[in-house]
Every structure is written in C-alpha cells, then in structure tokens.
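Report on one structure; see the data block that follows.
Note on naming: letters A, B, ... go to the chains in the order of the sequence lines (proteins, then strands), and numbering restarts at 1 for each one.
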Protein chains: 2
Amino acid sequence: MPRLTVDNINPHVRAAKYAVRGELAVKSEQFRAALNKGEGGDLPFDQVISANIGNPQQLDQKPITFFRQVTSLLENPQLLEKEDVLINHLGYKTDVIERAKWLLKSVGSVGAYSASAGVPAIKESVAKFLEERDGFPANPANIYLSAGASSGVNTLLHTICAAPNTGILIPIPQYPLYTATLSVLDATCVPYYLDEAKNWGTDLNTIRSAYEKAKADGIDVRCIVIINPGNPTGASLPEEDIRAVLEFASQENLVVMADEVYQTNVFVGKFHSFKQVLRKLQQENPGKHDGVELASLHSISKGMVGECGHRGGYFELVGFDPEVEANIYKFVSIMLCAPVIGQCLVEVMVRPPKAGEPSYELYQQEYTGIFEGLRQRATALHKAFSEMEGVECGEPQGSMYLFPTITLSAKAGEAAAAEGRTPDEFYCMRLLEATGICVVPGSGFGQKEGSLHFRTTFLAPGTEWTGRIVKFHKEFMEQYR
Amino acid sequence: MPRLTVDNINPHVRAAKYAVRGELAVKSEQFRAALNKGEGGDLPFDQVISANIGNPQQLDQKPITFFRQVTSLLENPQLLEKEDVLINHLGYKTDVIERAKWLLKSVGSVGAYSASAGVPAIKESVAKFLEERDGFPANPANIYLSAGASSGVNTLLHTICAAPNTGILIPIPQYPLYTATLSVLDATCVPYYLDEAKNWGTDLNTIRSAYEKAKADGIDVRCIVIINPGNPTGASLPEEDIRAVLEFASQENLVVMADEVYQTNVFVGKFHSFKQVLRKLQQENPGKHDGVELASLHSISKGMVGECGHRGGYFELVGFDPEVEANIYKFVSIMLCAPVIGQCLVEVMVRPPKAGEPSYELYQQEYTGIFEGLRQRATALHKAFSEMEGVECGEPQGSMYLFPTITLSAKAGEAAAAEGRTPDEFYCMRLLEATGICVVPGSGFGQKEGSLHFRTTFLAPGTEWTGRIVKFHKEFMEQYR
C-alpha cells in the first residue's frame with residue numbers, strides 16, 4: 001500500500017471541487033492532443049473549442065502591442081542599448097522605451113524577487129489609477145500585488161477563516177475558486193442566490209435571510225463576497241445594489257470582498273467600484289460607515305488585457321486593522337512575491353498610453369477592437385441561444401460569459417442518472433463529444449435546485465461554432481424528447 | 001472594533017513565522033528607501049546589502065543572455081517577423097530564434113493560461129533532462145510545473161497533511177517555508193537536527209530517534225523533507241547519506257520530499273539526486289523499495305539561472321497513487337497554472353545551448369563566470385569569518401549561503417533579553433543598523449538549544465562589505481565583553 005491514498009490525504013483537498021478544469025476540461029485536452037497528432041479519426045469534429053475558461057489569448061485575442069513591446073525590453077534590457085534599431089527597424093515608439101526604462105529602474109531586474117507585497121513604484125501607479133477611477137485617495141501601502149486575483153482571494157480567505165464555523169457569504173452561482181478555497185480551509189460557505197429574473201442581480205432580502213439562517217445555525221459569518229461584473233453570470237450591478245450590500249455589511253460588521261476583475265468588460269450600464277460607492281456612503285453619512293473593511297481585487301487576466309498566463313493582479317485593502325495587514329504581509333511573503341513581469345503588466349494596464357502619446361492611437365484601436373469583438377460575439381451567441389428550444393438567456397451585460405438556463409426532458413434526466421451524472425453534466429459531455437466544444441455545467445458554479453445551466457465564454461472567433469451548438473442541441477432535444 | 005483583529009483571524013496564519021522577510025528585512029527596506037530619497041543622513045552607511053535572501057539578480061548577477069533573448073521574443077512574437085534585424089543588428093543567434101519559435105508553437109501565447117500542470121511540451125523537456133541527469137526514465141505525466149519550488153512545496157504539504165497530528169520530518173536548521181506552511185496547515189513539524197560537526201550532514205540515528213519519539217507521542221509521521229544542497233547550511237550530501245534516508249523511508253513507509261533547488265550550486269563533491277539513488281537502490285534490491293513515494297523539486301530561482309522574479313519550477317512525483325495525483329492536479333488547477341514565461345524559463349534551464357550550437361560559447365562563459373564568482377565570494381566570506389572572534393564556519397560546500405556559529409557573551413545575551421530579542425536577533429539587528437547589511441538570525445531557521453548562528457548569502461559583489469562585517473563584529477565583541 002502506498003503511504004498516501006485518496007482515503008488518507010487531506011480530506012479538505014479531496015472535498016474541493018473545481019469543475020472549470022475538471023473531467024470535461026481534461027477530456028477536451030485529450031481530444032485536442034489526439035487531433036494534433038492526427039489521431040482524431042473517429043471524432044466528429046476537427047477542432048476543440050475551449051469555451052470553458054476565460055482564456056482570450058488561447059483563442060483569437062492578440063496581446064496589446066504596447067504592453068508586449070515593453071515586456072520584451074524588460075526581458076532583454078540589452079535591447080535598450082540599440083534604441084535606433086528599436087525605433088527605426090522594429091517600430092518601437094519612444095514611450096515604449098521610456099516606460100521600459102522607468103520600470104527597469106523601479107524593478108531592478110524582472111529576474112529578481114521584489115518586495116513581498118510588490119514593487120513599491122508599481123503600487124504607486126495602482127494607487128494613482130484607483131484615485132482617478134474613483135475620485136477618492138488610495139494608499140500604496142494598502143495595495144498588494146498578487147499572482148492573478150486567484151492568489152489574492154487565497155491570501156484573504158486564508159487570513160479571514162479561523163475555524164470550521166467561519167462563514168463567508170458567497171453568491172450562487174459563483175466562480176468555484178471561492179467554494180474550492182473554503183473547502184480546502186474547512187470553513188463554511190454561506191450561499192446566497194442571485195436573482196436570475198432580475199438579470200442575476202443581488203437581492204438584499206435573499207442575502208439577509210441567508211445571513212440570518214447561518215447565524216442561527218451557529219455560523220460566525222464574517223465576510224460577504226461579491227463578483228461584479230458577475231462570473232459566471234455576466235451581471236453588472238447597478239449602484240443601488242452596491243450601496244445596499246455595503247450598508248448591510250456596515251450594519252452587520254461584515255468584511256466585503258469585491259472581485260472586480262471584469263470591471264472593464266461591461267456592455268450594459270457602467271461599472272461602479274465598491275471602493276467608490278463606499279467612499280460616497282461615508283461622505284454622505286459622516287461617521288456611520290467608517291468601520292467597513294473592504295478588499296477589492298483586480299487582474300491582468302481579463303478586460304482587454306487578457307494576460308492570464310502572466311499571473312498578475314492586485315488587491316486593495318480599506319479599513320483593515322494594521323496588525324491584520326501585518327499578517328497578510330507575512331502570509332504573502334512565505335511565497336516570496338508575485339511574478340515580477342506580471343507586476344509590470346499590472347503597471348502598464350493601470351497606466352496605458354494616453355492621448356497624444358506615440359503609442360496611444362494603436363493602443364486605442366486594439367483596445368476598442370477587442371471590446372467590440374467581445375460584444376459582437378456575445379450578441380451572436382445570445383441570438384443563437386434565443387433560437388434554441390428550452391434555452392433562456394438574459395441579454396449579455398458584461399464579463400466574458402453567458403450562463404443560459406436549459407430545460408431538459410425527464411428522459412434526458414434518466415439517461416444522465418444512468419451515467420451517474422447530473423443532467424447538465426450529461427448535456428455538456430454530449431456536447432463536447434459531438435462538437436468538440438467544451439463548456440462548464442451549471443452545477444460547477446451552483447444553481448437553484450431543479451434549474452440547469454451551462455457557462456460558455458464568448459471568446460472563440462467566428463460563428464461556425466455557435467452553429468455547431470445549435471445543431472447539437474436540436475438533435476439532443478429530439479433524441480431525449 | 002474592526003471585524004478582523006489579530007486575535008480573531010486564522011490562528012494558524014498568525015502562528016506562522018517567516019524570518020527571511022521578517023522585521024529585519026522590513027527595516028532594511030526602510031533604510032534602502034530612505035537612502036534612495038536622500039534621507040539617510042543619520043545612517044552610518046550609504047548602501048543596504050540584502051544578504052538575507054538568495055536573490056542573485058538584485059545584486060550583481062546578470063541574467064543569462066540566451067534565456068532572456070528567448071523570453072524577449074516570447075513576449076513580443078512580432079519581433080520574429082524581422083529575423084534579419086534580430087540577427088544582423090541585435091546579435092540574436094539562430095538557435096535563439098529557433099527556440100523561441102518552438103516554444104511559441106508549444107505554448108501558443110505566454111499570455112494564455114496553460115494546462116494546469118504545465119505546458120505538455122515543457123514537461124517533456126523536463127523529463128528528458130531528468131533522464132539524462134539520472135540515467136533512468138522520467139514520465140512527463142508525473143511532472144508538475146509550479147510557480148517556483150515554494151508553490152510546489154505548498155501543494156505537496158497541503159495534500160499530505162490531513163490533521164493536526166500529521167507529522168512531517170523537517171531538518172533543523174531548515175528553510176522556514178516548511179515550518180511556516182506546516183503552521184498554516186496546523187500540522188506537526190517533527191524536527192531532526194543536522195550534524196554541524198559533520199558539515200551539516202544527515203545523521204540517521206538522529207532521524208530515527210526523532211521519528212520514534214514522534215510516533216510514541218501519537219504523531220502520524222508521513223513524510224521526510226530533505227534539502228540538498230542544504231538551506232541554510234550549504235551542505236552537499238554524499239550518496240551514502242541519501243541511501244540511508246531512502247532505506248529508512250522505505251522501511252518506515254514515509255514519503256520523501258527532496259528539495260533540490262541548489263543542485264547545480266555545489267562546490268565540494270558532486271550532487272546526487274534522490275531519484276537516481278532511489279532507482280539504483282531499486283535496481284540493486286529488486287522488489288524491496290518499489291513502494292517508495294518520492295517528490296523532488298527544482299526551481300529557476302537558484303543555480304546559475306537566478307530567475308527568482310519569474311517564479312518558475314517543477315516537481316516530479318515517483319510512486320504516487322494515481323488517485324492522489326488526481327487530487328494534486330485538482331489542487332494546482334484551482335490556481336489555474338504557473339506563470340507561463342516562468343515555465344518557458346524552466347524549459348531553457350533544462351535544455352540550454354549545447355556544444356556546437358551558436359549560443360553555446362557565450363552561455364558557457366556566463367555560466368562558468370557566475371559559478372566561479374559564487375565560489376570566490378563564498379571563499380572570501382569564509383575567510384573573513386575564520387578571522388572573527390567566536391565565529392566558526394565550515395568550508396563552503398554549496399547553495400548560496402554560509403551559516404556560521406557565533407558565540408556571544410552573557411552580557412550580549414542580557415542586552416538582547418532587555419530588548420525582548422534572542423541574542424542572534426539582537427546581533428543581526430545591530431549589524432544591520434551599523435553596516436546596512438541584512439542577514440537572518442539562526443533562530444529563523446531553527447538551531448540547537450544554546451547555539452547561535454546567522455545565515456548570509458554570498459551573492460553581494462566585492463569584499464568591502466565583508467570588511468564591514470569584520471569591523472562591526474570586533475566592535476560588538478568589545479562592547480559586550
């Protein structure tokens with residue numbers, strides 16, 4: 001017998017679920033590998049579409065030129081000794097060269113560990129960005145650069161969760177990083193359902209009753225997580241929803257964790273940051289909401305940046321006790337620092353070329369092109385869903401996802417049960433096998449009892465693949481009618 | 001009252017200690033910031049020397065040209081459209097261009113998430129490297145690319161530790177990542193002392209008695225950690241020590257975790273990998289040691305690569321149960337993937353230019369230059385220590401550190417106690433304040449009761465700073481005689 005078996009390893013790791021990269025994703029990678037080796041002879045498709053994960057550069061999206069010109073110089077500073085070649089032969093603009101020099105001066109080498117919470121000069125750029133975005137001050141000392149937002153969430157939940165009865169209010173459906181991390185930490189997820197009928201908005205009565213019920217059950221509820229714009233729902237919260245959540249958190253003394261990684265992926269309405277709304281509330285009601293503790297997270301992986309592979313992000317803490325921050329600092333220092341080139345991409349994300357600067361025009365053109373491309377694909381996919389029997393999907397609002405409801409027959413449910421799967425898992429598995437398109441079943445994010453969904457990104461180019469979904473769906477519905 | 005206070009946050013995070021980036025490191029960064037702003041008027045030094053952390057590129061070490069030329073092309077693939085400019089104006093060799101193209105083909109974009117356990121083609125390169133290094137097969141499916149070795153250790157300990165009575169044998173002194181992670185996981189560190197008299201080698205009797213005592217105390221000892229070459233000790237283990245540890249692990253059914261990040265930093269003797277020695281043992285004794293579970297870790301941060309800031313590394317699993325590996329896969333997938341540019345640096349580390357290839361000569365020259373520079377600095381520092389009263393230090397063997405014993409007077413001990421510090425912390429704080437040199441007290445790594453040490457890297461250039469240590473030490477000894 002091996003020393004470690006599935007029965008004696010960490011039971012909390014074993015209990016964690018992370019469907020975004022689960023069985024379906026693994027199977028899709030096997031299909032892809034077979035196709036690449038020319039061994040996909042039996043498969044009824046010639047290409048795998050990974051619509052399971054928001055990974056823009058795996059699909060059509062090109063990196064933004066300014067960003068990557070800068071990082072190429074950071075990787076090889078010797079290139080800066082040949083400015084004329086860069087400018088005259090390679091099309092690098094002077095602002096690219098200036099930014100790279102400034103970053104190198106601030107960072108030293110991108111091959112050196114930075115300070116644990118990130119390069120001080122980059123934290124200053126983030127603070128300036130937050131000040132301009134929100135119209136309120138931000139302090140670099142409260143900003144922590146992280147390896148993507150995921151690492152920030154991991155740090156924060158590790159610090160907040162003290163015992164199995166620590167409760168964290170989590171929206172359902174949610175990005176499963178939250179429930180997976182709470183499983184690993186053996187803490188309690190206190191689910192509150194988002195309101196599909198109101199375009200997946202937050203409903204304060206629902207939140208309050210989830211909170212009260214948990215409290216009555218002896219749960220020490222400490223924190224509420226909001227994902228805005230939503231993942232997997234794409235919902236973009238109106239300011240009044242954010243106010244309501246902050247007032248509730250203030251009243252009940254809850255830490256607010258605002259996952260705002262899709263803050264630029266908004267098609268309907270306008271993004272409102274929790275920090276700005278909190279500061280407004282504090283201004284309007286002097287003394288009343290001073291104690292609110294807010295952690296807000298951002299990332300280079302989403303938006304029009306899409307630099308997932310570089311693992312960059314940050315979180316800002318507002319109102320946290322300095323001794324608690326000292327423990328957060330210690331926790332991040334154990335893993336040394338976030339990837340430094342990812343930190344540099346955070347810097348260029350929060351301080352892109354401005355109007356009048358040499359790289360501005362191209363930057364603006366690329367940024368707008370990506371934004372419009374995402375919107376068009378979202379609209380096309382939404383239209384396809386609207387034509388599918390038993391599929392309902394609200395208008396695309398933001399993020400990179402649609403999360404349609406699917407209504408399947410009892411016969412499909414029985415066929416799923418016979419395979420030991422939930423009906424949505426069964427549906428998504430059949431979709432993958434028939435079309436090569438990988439999506440994630442709604443059960444991977446949580447959904448109301450009796451409802452079924454799947455999450456798909458709208459990143460893949462073209463419309464041919466949406467046609468494949470429509471065709472599959474029709475055949476599936478016929479087969480299990 | 002804030003919702004989170006130091007008294008109610010995760011007590012295991014609070015209990016974790018990580019002195020490498022603790023109070024002294026924070027103070028040294030404050031000194032550095034003051035000096036940079038021209039506000040260091042009162043300080044008796046004009047430069048801070050960070051000898052507390054193995055961070056070569058923060059100090060003198062230049063990155064290896066081949067590596068960074070490749071990564072510059074990965075960051076900006078548009079440069080590959082101008083091969084003539086790269087070759088004729090920028091000095092890029094054809095093998096740089098070929099490698100970048102091959103990596104881009106394997107990776108797609110470095111801005112895309114890779115597969116959770118790493119880019120398949122890079123794992124194949126790692127497997128080939130291991131086969132050549134060890135003379136035994138390696139399977140890419142058992143290789144996991146990680147964000148530095150630290151992230152690999154975190155993954156493995158998370159999986160192995162199941163309860164507070166899970167025990168992990170940890171060498172003392174150790175790199176505090178291990179004890180800090182065990183604190184966070186609320187598992188039990190079972191310390192075994194290294195033998196300073198035998199140049200910090202492993203002593204099997206010591207290991208066995210630590211193990212037996214823990215077992216008698218009801219600890220479920222599951223795993224033994226070995227750091228070879230040692231951190232903080234620099235010890236490079238002879239093959240017979242490794243054999244003895246493996247035979248013991250085999251007999252007692254313990255998982256072996258071999259931290260081999262300093263495998264190329266060896267000045268005395270030769271590096272023996274745990275994997276190779278295990279395979280030899282298994283060959284010599286058919287059937288006897290088949291069940292041994294070994295995890296071995298490597299990193300791009302150390303060696304002559306020194307790319308700490310890029311957060312790259314890998315671990316290989318041998319003999320692990322597939323269901324356990326499935327849980328390890330799931331755990332790493334929650335954090336999505338290791339930084340992709342760091343993964344690419346793993347690839348060039350394990351497959352550097354070969355003799356006859358265009359970049360070989362420069363690579364070889366840079367590699368040897370770094371190696372010899374480290375050896376010379378180690379020797380110079382060792383010589384300085386040998387001249388200091390009450391300081392004893394074994395010959396430098398490997399890694400990037402020296403870990404001398406210091407003998408301080410009772411008077412120094414009393415002065416330390418008056419400040420609430422241990423004598424080694426007191427000594428290191430005075431050293432920092434007097435010279436700007438930051439080292440880490442031995443208590444940060446663990447040391448035998450009544451003994452005192454500090455750890456210093458030998459990365460800082462020049463000999464002026466070693467002179468500053470000698471002078472400080474003399475004055476300190478006089479003051480507290």
Side-chain angles (χ1 to χ4, degrees), chain A residues 2-6 8-11 13-14 18 21 29 55 57-58 63 68-69 71-72 75-76 82 85 89-90 108-113 115-116 147 150 158-162 177 180 222 253 255 291 293 306-311 321 323-324 327 330-331 333-336 339-342, chain B residues 2-6 8-11 13-14 18 21 29 55 57-58 63 68-69 71-72 75-76 82 85 89-90 108-113 115-116 147 150 158-162 177 180 222 253 255 291 293 306-311 321 323-324 327 330-331 333-336 339-342:
Chain A
R3 186 63 179 87
L4 300 177
T5 69
V6 74
N8 71 13
I9 56 168
N10 187 339
V13 168
R14 195 176 61 219
Y18 191 72
R21 294 198 162 206
E29 290 302 330
N55 194 7
Q57 294 188 25
Q58 189 195 29
R68 293 299 198 87
Q69 287 180 334
T71 52
S72 69
E75 286 292 343
N76 189 7
K82 301 278 174 74
V85 178
H89 295 281
L90 298 172
S109 165
V110 293
Y113 295 123
S116 305
S150 298
H158 260 86
T159 309
I160 296 172
C161 295
L177 165 65
R222 298 182 159 201
N253 203 15
V255 177
E293 291 146 87
E307 294 283 1
C308 312
H310 275 107
R311 315 304 304 117
D321 184 283
E323 284 185 294
V324 173
N327 275 278
K330 180 182 66 184
F331 185 84
S333 76
I334 297 171
M335 288 290 129
L336 301 162
V340 177
I341 201 90
Chain B
R3 185 62 179 89
L4 301 177
T5 69
V6 74
N8 71 14
I9 57 168
N10 187 339
V13 168
R14 196 176 61 219
Y18 190 73
R21 294 198 161 205
E29 290 301 330
N55 195 6
Q57 293 188 25
Q58 188 196 29
R68 293 300 198 89
Q69 287 180 334
T71 52
S72 68
E75 286 291 343
N76 190 8
K82 300 275 176 75
V85 178
H89 295 280
L90 298 171
S109 165
V110 294
Y113 295 123
S116 305
S150 298
H158 260 85
T159 309
I160 297 172
C161 295
L177 164 66
R222 298 181 160 202
N253 202 15
V255 177
E293 290 146 88
E307 294 284 0
C308 312
H310 276 107
R311 315 305 303 117
D321 183 284
E323 284 186 295
V324 173
N327 275 278
K330 180 182 66 184
F331 186 84
S333 76
I334 297 172
M335 288 290 128
L336 300 162
V340 176
I341 201 91

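Chain A forms more heavy-atom pairs under 4.5 Å with one residue of B/Gly342, B/Ser116, B/Gly306 than with any other, namely B/Ser116. Chosen from B/Arg311, B/Glu323, B/Arg3, the residue pairing most often with chain A at heavy-atom distances under 4.5 Å is B/Arg3. Most heavy-atom pairs under 4.5 Å with chain B: of the set A/Thr5, A/Val110, A/Val85, this distinction falls to A/Val110. When A/Ile160, A/Ile341, A/Asn327, A/Leu177 are compared by the number of non-hydrogen pairs under 4.5 Å with chain B, A/Asn327 comes out ahead. Ranked by heavy-atom pairs shorter than 4.5 Å toward chain B, the options A/Asp321, A/Val324, A/Val340, A/Asn253 are led by A/Asn253. Of the listed residues (A/Gly108, A/Pro339, A/Ala180), the greatest number of heavy-atom pairs within a distance under 4.5 Å of chain B belongs to A/Pro339.
Counting only distance, with no hydrogens or angles, the side chain of A/Glu75 and the backbone of B/Glu75 share no donor-acceptor pair below 3.5 Å. With hydrogens and angles ignored, the 3.5 Å screen pairs a side-chain donor or acceptor of A/Lys330 with a backbone N or O of B/Arg14. In terms of modelled atom types and a separation under 3.5 Å, the side chain of B/Glu29 and the main chain of A/Ala115 share no donor-acceptor contact.
The shortest distance between side-chain heavy atoms of A/Gln57 and B/Tyr113 does not fall below 4.5 Å. Taking 4.5 Å as the limit, some side-chain heavy atom of B/Asn8 sits within range of a side-chain heavy atom of A/Arg222. At a threshold of 4.5 Å between non-hydrogen side-chain atoms, the residues A/His89 and B/His89 count as touching.
Proximity to chain B (any heavy atom under 4.5 Å) is shown, for A/Gln69, by both the backbone and the side chain. Contacts of A/Ala147 with chain B are absent, with no heavy-atom separation under 4.5 Å from either backbone or side chain. Of the two parts of A/Phe331, only the side chain, counted from C-beta on, holds a non-hydrogen atom closer than 4.5 Å to a non-hydrogen atom of chain B.
Of the inter-residue distances, the one linking A/Asn76 atom CG with B/Asn76 atom CG reads 12.0 Å to the nearest 0.5 angstrom. Taken from CG in A/Leu336 to OG in B/Ser150, the straight-line distance is 4.5 Å, to the nearest 0.5 Å.
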Worksheet item: Can you list the steps and then say if A/Thr159 with B/Leu4 is a side-chain contact (heavy atoms from CB on, under 4.5 Å)?
Response: CA-CA 9 Å; A/Thr159 309; B/Leu4 301 177; 5.7 Å; no
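Closest of all the heavy-atom pairs between B/Ala112 and A/Cys308 is C-CB, 4.4 Å. For the pair B/Pro11 and A/Ala162, the tightest heavy-atom approach, listed with the atom from each and the gap, is CD-O, 3.7 Å. Scanning both residues, A/Leu90 and B/Leu90, for their nearest heavy atoms gives CD1-CD1, 3.7 Å.
A/Ser109 pairs with exactly one of B/Glu307, B/Gln58, B/Arg68, B/His310 by the side-chain hydrogen bond (donor to acceptor under 3.5 Å, both in side chains) rule, that one being B/Arg68.
Below 30°, between 30° and 60°, or above 60°: for A/His158 and B/His158 the angle between ring planes is above 60°, a perpendicular geometry.
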